[in-house]
Student: 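Have a look at this one before I ask anything.
In each ligand, atom 1 is the first atom listed, and ligand 1 is the first ligand listed.
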Amino acid sequence: MKATAIAPANIAFIKCWGKKDDVLRLPLNSSFSMNLSGAFTTTSVDFSASYKKDIVELVDGTFSQKETERTVSHLEAIRKYLGVSTFARIETKNSFPKGAGAAASASGFAALTVAAFASAGKEVSEKELTIFARRGSGSACRSIPDGFVLWKYGETSEDSYAHSVYPASHWDLRDVLVFVDTSMKKVPTTEGMENIKTSPFWQERVAGIPKKIRKTKEAFDEKNFSLLGEIIEAECVNMHAVMMTQNPPLFYWNETTMKIIQEVKEWRAAGLPVYFTIDAGPNVHLLCEAKNEHVVTEKARAISDVQLVLINSPAQGAHLL
Ligand code: DP6
């Protein structure tokens, strides 16, 4: 009854900020992401009658009580769906610091979902897996399909799933993930996005997303890197403007984040095609083409206060080991 799955984190080029249903985690808008080869979670689930309760273990770290409860309640939802009554032992390991805005909840809930269904011996479609993963953490649904993935806005749970739009091999991009702070973020995404509607800009943001997704697909079809870069930077700043104008305001950036943003502009002015995007934390994702991976990585490492740099290629989605 034991199965182990591995799932990548993902970086959203067009982001999800705000839910229309907080329980089902239905988003206010569609989003589009790339799976990351260097940032992943490996999770084993072992259903066994020998366990008297669920056991949740994080290798090389500890889960808070809240995180343990969220993990167990996700397992409980899967158990209910499968009609399984035995408890399980869950063992999970991240290849990168969790909670630092680097989407550990995405890779974590994607790996947990895939491992739980497999350990119960139940075959389900990729679409169903994405729907279940979404209920654990919204962006987790994007870590299940391969490569570059769209998470669809949907009126109902069945209608809000993720699917691959381009395989990982479509475009040899690099996401150079620059950690400037590896500690847990102060306001978790679930909590932060509950206040989206207190920002005067939220409706405009949500209304603008379909056009941004169309333009992103155009950039992908033409492999037009500067077009993609311009879209993702503007989208990142748009989301953070909404965060900063919520009540209470949310400031995820720190001084080093700002320094990197300024540097990226200078590097670009000097002829290096690189663009930034940032999730709910201070860490910066630098997007470039494979040919510029080394120079971008060296420049990132040379910035003082940078703690860790992780290089990511487009990756396949969650799968069993
Ligand atoms: C800023 O998927 O982490 O990274 O469903 O509450 O776990 P929960 O939210 P989550 O939100 C991701 C927010 C984001 C943007 C994105 O990845 O789309």
Student: If you take the nearest heavy atom of each of Met193, Lys15, Met239, which one is closest to atom 12 (C) of ligand 1?
Tutor: Met193
Student: Between Phe117 and Lys122, is there a cation-pi geometry (under 6.0 Å to ring centre, at most 45° from the normal)?
Tutor: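 No - Lys122 does not lie over the ring of Phe117 by the 6.0 Å and 45° rule.
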Student: Could you tell me whether Arg70 approaches ligand 1 through its side chain, its backbone, both or neither, with non-hydrogen atoms closer than 4.0 Å?
Tutor: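 Under 4.0 Å from ligand 1, Arg70 contributes side-chain atoms alone.
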Student: Have a look at Ala104, Ser33, Ala9, Gly138 and point out the one with the heavy atom closest to atom 5 (O) of ligand 1.
Tutor: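 It is Gly138 that holds the nearest heavy atom.
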Student: Phe201 ring centre to Arg205 NZ or CZ under 6.0 Å, with the angle to the axis within 45°?
Tutor: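 So Arg205 doesn't make the cation-pi contact.
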Student: For ligand 1, which atoms, with element, lie under 4.0 Å from some heavy atom of Arg142?
Tutor: 16 (C), 17 (O), 18 (O)
Student: Charged N to carboxylate O under 4.0 angstrom, Glu91 versus Arg89?
Tutor: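 A salt bridge links Glu91 with Arg89.
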Student: Against heavy atoms of Ser139, which atoms of ligand 1 measure under 4.0 Å?
Tutor: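 Answer, ordered by atom number: 2 (O), 3 (O), 10 (P).
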Student: Report yes if some N/O of Thr189 lies less than 3.5 Å from some N/O of ligand 1; otherwise report no.
Tutor: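 Yes - when backbone and side-chain N and O of Thr189 are compared with those of ligand 1, one distance drops under 3.5 Å.
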Student: Could you pull out the closest heavy-atom pair between Lys127 and Glu158, with the gap in Å?
Tutor: CE-O, 3.7 Å
Student: Do the ring planes of Phe13 and Phe148 sit parallel (below 30°), tilted (30 to 60°) or perpendicular (above 60°)?
Tutor: tilted
Student: Would you kindly confirm whether Val176 and Val295 end up in one hydrophobic cluster when ILVMFWY residues are joined by side chain heavy atoms under 4.5 Å apart?
Tutor: yes
Student: Does a side-chain N-to-carboxylate-O contact under 4.0 Å join Arg268 and Glu230?
Tutor: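 Salt bridge: no.
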Student: Should the pair His170 and Phe220 be assigned to parallel (<30°), tilted (30 to 60°) or perpendicular (>60°) ring geometry?
Tutor: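 His170 vs Phe220 ring planes: parallel.
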Student: Any nitrogen or oxygen of Ala140, main chain or side chain, under 3.5 Å from a nitrogen or oxygen of ligand 1?
Tutor: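 No: no nitrogen or oxygen of Ala140 is under 3.5 Å from one in ligand 1.
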Student: Is the closest N or O pair between Asn10 and ligand 1 shorter than 3.5 Å?
Tutor: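 Between Asn10 and ligand 1 (N or O atoms, distance only) the closest approach is not under 3.5 Å.
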Student: Using a strict threshold of under 4.0 Å (side-chain N to carboxylate O), is an ion pair present between Arg79 and Asp54?
Tutor: yes
Student: Heavy atom under 4.0 Å from ligand 1: found in Ala12's side chain, backbone, both, or neither?
Tutor: side chain
Student: Need the ligand 1 atom indices (1-based, order shown) with element for anything under 4.0 Å from a heavy-atom of Ser137.
Tutor: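 Near Ser137, meaning under 4.0 Å from one of its heavy atoms, ligand 1 has 2 (O), 3 (O), 5 (O), 7 (O), 8 (P), 10 (P).
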Student: My understanding is that we take every heavy atom of each candidate and find the minimum distance to atom 13 (C) of ligand 1. Doing that for Ala133, Cys16, Ala280, which one comes out nearest?
Tutor: Cys16
Student: Within ligand 1, which atoms have a heavy atom of Thr190 less than 4.0 Å away?
Tutor: 6 (O), 7 (O), 8 (P)
Student: At the 4.0 Å heavy-atom cut-off, does Ser105 count as touching ligand 1?
Tutor: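 For ligand 1, residue contact (heavy atoms, under 4.0 Å) with Ser105 is present.
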Student: Please identify which atoms of ligand 1 are closer than 4.0 Å to at least one heavy atom of Lys19.
Tutor: 5 (O), 6 (O), 8 (P), 9 (O)
